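Notes for the one structure printed next.
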Amino acid sequence: MAKTRNFIHELVEKDIQEGKNTGRVHTRFPPEPNGYLHIGHAKAICLDFGTAEKFGGKCNLRFDDTNPTKEDVEYVDSIKEDIKWLGFDWEDRLYYASDFFDRLYDFAEQLIQEGKAYVDDQPADLISQQRGTPTKPGVESPYRKRSAEENLDLFRRMKAGEFKNGARVLRAKIDMTSPNMHMRDPLMYRINHAEHHRTGNKWCIYPMYDFAHGQCDYFEGITHSLCTLEFEIHRPLYNWFIDQLATDDYRPRQIEFSRLNLTYTMMSKRKLLYLVENDFVSGWDDPRMPTLSGMRRRGFTPESIRSLVEKVGITKTEGTIDVALLEHAVRDDLNKTAQRVMGVLNPLKVVITNYPEDKVEMVQAINNPEDESAGRRDVPFTRELYIERDDFMEEPPRKFFRLSPGKEVRLRYAYYVTCNEVIKDEAGEICELRCTYDPETRGGNSPDGRKVKGTLHWVSATEGVKAEIRLYDRLFNVENPAGEKEKEFTELLNPESLKVLPDCFVEPFLRSAKPLDQFQFERMGYFNIDKESTEEKLVINRTVTLRDNWSKQMNK
RNA sequence: UGUCCCAUGGUGUAAUUGGCAACACGUCUGGUUUUGGUCCAGAAGAGUCUAGGUUCGAGCCCUAGUGGGACAACCA
């Protein structure tokens, strides 16, 4: 983040040069605790914390908890965890909008006394009607001219709990004819007899977003309030309230940027919640979810997510990022760090007929060719092995470098083997291959210098470990599910987004692996250990495949 | 019949007015390779939504148009 520059950094820089807010830079990340954070939030987090860091300022974490009926501590906890995991630190600056409920209330009374706010007794639908439309001005409420005394009395009784939900609201008195709907006497407080996750039953009136956000920024000393484009139209109102509140030159400034969209995924918290509640996915941390907890479980690294955010930049144009860029970001990171290992997803048995029956021989394998310090490990080689089903073809096409009848290939780090016989079951399915090995080729090189084109991964059938491997594909079948207006979004789900392979085999090295540990299965992709994995049953997620030029060729 | 925002290769971003537009991903070639991975070398692909204007000179400034988006929740 420190390297890149964007229009927001330019504006901040200008503010500093002009000496605004005494040259301070103080940002905030303000999630509502009503759902789990997703990769779209990661963009905001990186921007908020990254901007502060770049200019030697600070960034607060503030929970925007003004709507108790939708919010929950479960979300608070997950949000904190996800931000830390991403690599950011709010230090001692953890706030809640609810911390400021008293000050907000006092400010509301102030506005009432100044004749800038009034209590409206009308029901929601009437108020909505009177608001007009974007093209037609609104009309004033009959309660607009109430005296400050009456307003104050009513507002205090609202606070005291005298009225039921929806009976009255507090409105700012601005301009019912404004072309900006948000300036047409916006609601400041509504009555909601609900228990709040922090303030309990102290309040039965809660401030609306517009009456809370900017002021909280002000109370916290925020200088740059960065948010997504949909709040652009709120900015005049944001400034209006701040102007009523401010006692000197200090002003927080709202700047908007476009949110992150990814192809084949959906960022709506509401819709993600729907998927969770209706069991379309296993939970907020289902590895197919674009949530940070889901991506973490799937095997994405914080580095890869930060790298993606860096690559996409910050602008006001609304675009959609190709998931391929995300995939590149993980591969790029994992390639440098992931322990290499061999695992067979779709096992095909191979018997080395000229290899001793009970022999277990250790061959040495490199742990990470990109990192010499990762060292080496021993992998057991035996007479009976598994190889990938896709690595054998009875009638191979041109340029098929893998195994086929009569052909010789290298088993990685072990020996050259030649296929002599194909065994099939009654159904005609290939169920076993009989091969011979060349004892002279131990380690994978032949003393006579003969070359083999193909190198296959393998796992000992007797020493290997069985595992369940879960393969994930895009959650949605269409590039832009949010843009599909005709169909219900659940109809756009990819029915094949999860494939469970119960009978995979991995090398014994994986026995000591713990949840979240990451590996590259050579030639197959990047994988990690799932949280459901136990000593009895190894459960592994595929994060992403390796780039695969061969399958690209085959598809042409 | 409003206000505001946006518009650069397939995608996402650059370009402090003045060298027929740069980078990343993706795509395609070729090389290296005990991962058809990585790495290396190279290629194709836009003339900057349109029309005017300002200027010696405009992707950058102005105007109009076109296209897309936001705004009418007691949500944030």
Side-chain angles (χ1 to χ4, degrees), chain A residues 4-6 30-32 34 64-67 69-71 97 120 123-125 127-129 131-138 165-171 178-184 187-192 205-206 208-210 212-213 227 229-236 256 258 260 263 269-270 308 310-329 331-332 335-336 340 342 365-366 369-370 399-402 410-414 416 441 443-445 451-457 520-526 545-553:
Chain A
T4 52
R5 255 179 86 79
N6 55 57
E32 183 188 11
N34 68 343
D64 215 335
D65 56 351
T66 57
N67 185 3
T69 43
K70 283 190 181 166
E71 295 151 8
D120 197 332
D125 56 336
I127 290 179
S128 169
Q129 258 178 51
R131 197 158 13 227
T133 71
T135 53
K136 265 184 267 159
N165 289 359
R168 288 186 163 84
V169 291
L170 183 70
R171 295 227 258 168
S178 169
N180 183 335
M181 300 279 296
H182 293 270
M183 300 299 273
R184 324 241 261 229
L187 270 59
M188 293 163 60
Y189 273 94
R190 77 286 215 185
I191 298 169
N192 185 5
I205 56 171
Y206 292 93
M208 303 290 292
Y209 167 85
D210 286 307
H213 201 99
C227 63
L229 251 27
E230 64 269 28
F231 294 102
E232 197 156 36
I233 197 138
H234 294 242
R235 189 167 4 114
E256 311 83 14
S258 63
L260 176 69
T263 52
K269 269 203 267 184
R270 207 196 94 238
L308 174 83
E310 178 122 349
K311 282 179 216 292
V312 303
I314 303 290
T315 64
K316 298 187 73 156
T317 51
E318 299 182 81
T320 304
I321 276 78
D322 192 336
V323 269
L325 192 57
L326 209 214
E327 292 177 352
H328 169 262
R331 290 191 187 111
D332 192 42
N335 175 50
K336 289 177 256 172
R340 267 59 168 180
M342 289 192 284
I366 294 167
E370 307 295 315
K399 288 196 179 172
F400 184 80
F401 303 153
R402 286 110 102 141
R410 170 168 43 233
L411 294 179
R412 176 138 234 228
Y413 298 125
Y416 287 9
T441 58
N445 284 305
K451 297 275 189 240
V452 290
K453 192 76 176 151
T455 301
L456 309 188
H457 62 279
Q520 184 198 96
F521 285 13
E522 297 211 26
R523 306 207 306 133
M524 300 307 286
Y526 294 99
T545 61
L546 250 29
R547 273 184 63 193
D548 185 356
N549 284 318
W550 170 243
S551 68
K552 257 185 239 165
Q553 285 287 324

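All values derive from a computational prediction rather than experimental measurement. What you see below is based on every heavy atom in this structure, not just the backbone, and it leaves out hydrogens, waters and symmetry mates. Chain letters run A, B, ... following the sequence lines, proteins first, then strands; residues in each count from 1.
Considering only side-chain atoms of A:P179, the nucleotide from B:rG36, B:rU3, B:rG37 that sits closest is B:rU3. Considering only side-chain atoms of A:P134, the nucleotide from B:rA72, B:rU3, B:rA76 that sits closest is B:rA72. Nearest to the side-chain atoms of A:N67 among the listed nucleotides B:rC74, B:rA72, B:rA76 stands B:rA76. Here the nucleotide nearest the side chain of A:A124, chosen from B:rC75, B:rC74, B:rU13, is B:rC74. Relative to the side chain of A:I127, the nucleotides B:rU38, B:rU3, B:rC74 differ in distance, and B:rC74 lies closest. Closest to the A:D322 side chain, of the nucleotides B:rU11, B:rC25, B:rA76, is B:rU11. Ranking B:rA24, B:rU35, B:rG69 by closeness to the A:E318 side chain, first place goes to B:rG69. Looking at the side chain of A:K316, the nearest of the listed nucleotides B:rG12, B:rC5, B:rG36 is B:rC5. Looking at the side chain of A:S128, the nearest of the listed nucleotides B:rG2, B:rA73, B:rC74 is B:rA73. The listed nucleotides are B:rA76, B:rA72, B:rU27; the one nearest the side chain of A:H234 is B:rA76.
Residue A:Y416 is classed as having no contact, given no heavy-atom separation below 4.0 Å to the nucleic acid. Nucleic acid contact class of A:S258 (heavy atoms, under 4.0 Å, all strands): none. Residue-level contact check: A:P137 touches neither bases nor backbone, having no heavy atom under 4.0 Å from any strand. At a threshold of 4.0 angstrom between heavy atoms, the contacts of A:G319 are confined to the sugar-phosphate backbone, with no base atom among them. Counting non-hydrogen atoms under 4.0 angstrom, A:G313 reaches nothing in the nucleic acid. Counting non-hydrogen atoms under 4.0 angstrom, A:N445 reaches a base of the nucleic acid. Residue contacts shown for A:L229 are absent, as no nucleic acid heavy atom lies under 4.0 Å away. At a threshold of 4.0 angstrom between heavy atoms, the contacts of A:Y206 with the nucleic acid are absent. The residue A:M342 sits apart from the nucleic acid: no heavy atom pair falls under 4.0 Å. A:N549 comes within 4.0 angstrom of sugar-phosphate atoms only, judged by non-hydrogen atoms across all strands, and of no base. Residue A:R131 is in sugar-phosphate contact alone, with no base atom involved, counting any heavy-atom pair closer than 4.0 Å across all strands shown. Among the heavy atoms of the strands lying under 4.0 Å from A:V312 are primed sugar atoms or P, OP1, OP2 only; no base atom is included. As judged by a 4.0 angstrom heavy-atom cut-off over every strand, A:E370 is placed among the base-contacting residues.
Taking atom C1' on both nucleotides, B:rU48 is separated from B:rU38 by 36 Å, rounded to a whole Å. Atom C1' of B:rC23 sits at a distance of 7 Å from the matching atom of B:rA14, rounded to the whole Å. Taking the P atom of each, B:rG69 and B:rG42 are spaced 42 Å apart, rounded to whole Å.
Interatomic distance, CZ of A:R331 versus NZ of A:K336, reported as 14.5 Å (0.5 Å rounding). With rounding to the nearest 0.5 angstrom, the CG atom of A:D322 is 4.5 Å from the OG1 atom of A:T263.
Residue-to-nucleotide proximity on RNA chain B shows that, of A:P369 and A:T320, the 5′-proximal contact is made by A:T320. For A:R235 and A:S551, each mapped to the nucleotide of RNA chain B holding its nearest heavy atom, the one lying further toward the 5' end belongs to A:R235.
The distance between atom NZ of A:K453 and atom P of B:rG37, rounded to the nearest whole Å, is 11 Å. Atom CG of A:N192 and atom C1' of B:rC75 are 11 Å apart (whole Å). Counting to the nearest Å, the P atom of B:rA24 and the CD atom of A:E310 are 14 Å from each other. For the pair A:M181 CE and B:rC4 P, the computed distance is 16 Å after rounding to whole Å. Remark: C1' of B:rC75 and OH of A:Y189 are 17 Å apart, rounded to the nearest angstrom. Per the geometry, CD belonging to A:Q129 stands 16 Å off P belonging to B:rA72, to the nearest Å. Rounded to whole angstrom, the span from the CE atom of A:M524 across to the P atom of B:rG36 amounts to 11 Å. The distance between atom CG of A:D332 and atom P of B:rG37, rounded to the nearest whole Å, is 15 Å.
Using a distance-only test at 3.5 Å, with no hydrogens or angles considered, a donor-acceptor pair links the side chain of A:N180 to the main chain of A:I233. Between the side chain of A:T133 and the backbone N or O of A:K136, at least one donor-acceptor pair lies under 3.5 Å. At least one donor-acceptor pair closer than 3.5 Å links the side chain of A:D65 to the backbone N or O of A:A97.
The partner of B:rC23, taking Watson-Crick or G-U wobble pairs whose two distances both stay under 3.5 Å, is B:rG12. If you check B:rC39 for Watson-Crick or wobble pairing at under 3.5 angstrom, you find it paired to B:rG31. Base pairing analysis places B:rG67 opposite B:rC6; the two distances defining the Watson-Crick or G-U wobble pair are each below 3.5 Å. Base pairing of B:rG47: no nucleotide in any strand meets the Watson-Crick or G-U wobble criterion (both distances under 3.5 Å). Using Watson-Crick or G-U wobble geometry with both donor-acceptor distances under 3.5 Å, B:rC60 finds no partner in any strand shown. Nucleotide B:rU55 forms no Watson-Crick or G-U wobble pair with any nucleotide shown, as no partner meets the under 3.5 Å limit on both distances.
By the 30° and 60° cut-offs, the orientation of the rings of A:Y209 relative to A:H234 is perpendicular.
A donor-acceptor contact under 3.5 Å is formed by the side chain of A:R402 with the base of B:rG36. You won't find any donor-acceptor pair under 3.5 Å spanning the side chain of A:E327 and the base of B:rG26, going by distance alone. Residue-to-nucleotide contacts include no donor-acceptor pair under 3.5 Å from the side chain of A:H182 to the base of B:rA72. Judged by distance alone with a 3.5 Å cut-off, a donor-acceptor contact links the side chain of A:R340 to the base of B:rU35.
Contact annotation: the side chain of A:R171 never approaches that of A:M188 to less than 4.5 Å [non-hydrogen atoms, C-beta and beyond]. A:N67 has its side chain within reach of A:E32: a pair of non-hydrogen atoms, C-beta onward, lies under 4.5 Å apart.
Note on A:T315: a side-chain N or O is less than 4.0 Å away from OP1 or OP2 of B:rU13. Using a 4.0 Å cut-off, some side-chain N or O of A:R190 falls inside it from OP1 or OP2 of B:rC75. Taking 4.0 angstrom as the limit, A:R184 places none of its side-chain polar atoms (N or O) nearer than this to OP1 or OP2 of B:rA72. At the phosphate of B:rU35, neither OP1 nor OP2 sits under 4.0 Å from any side-chain N or O atom of A:R331. Considering only side-chain N and O atoms, A:R547 lies nowhere under 4.0 angstrom from the phosphate OP1 or OP2 of B:rG36. Residue A:H328 places at least one side-chain N or O closer than 4.0 Å to OP1 or OP2 of B:rC25.
For the pair A:Y189 and A:M208, the tightest heavy-atom approach, listed with the atom from each and the gap, is N-CG, 4.2 Å.
B:rG36 has its base stacked against the ring of A:W550, the centroids being under 5.5 angstrom apart at an interplanar angle below 30°.
For A:K316, the NZ atom counts as densely surrounded, since its 6.0 Å shell holds more than 12 non-hydrogen atoms of other residues, nucleotides or ligands.
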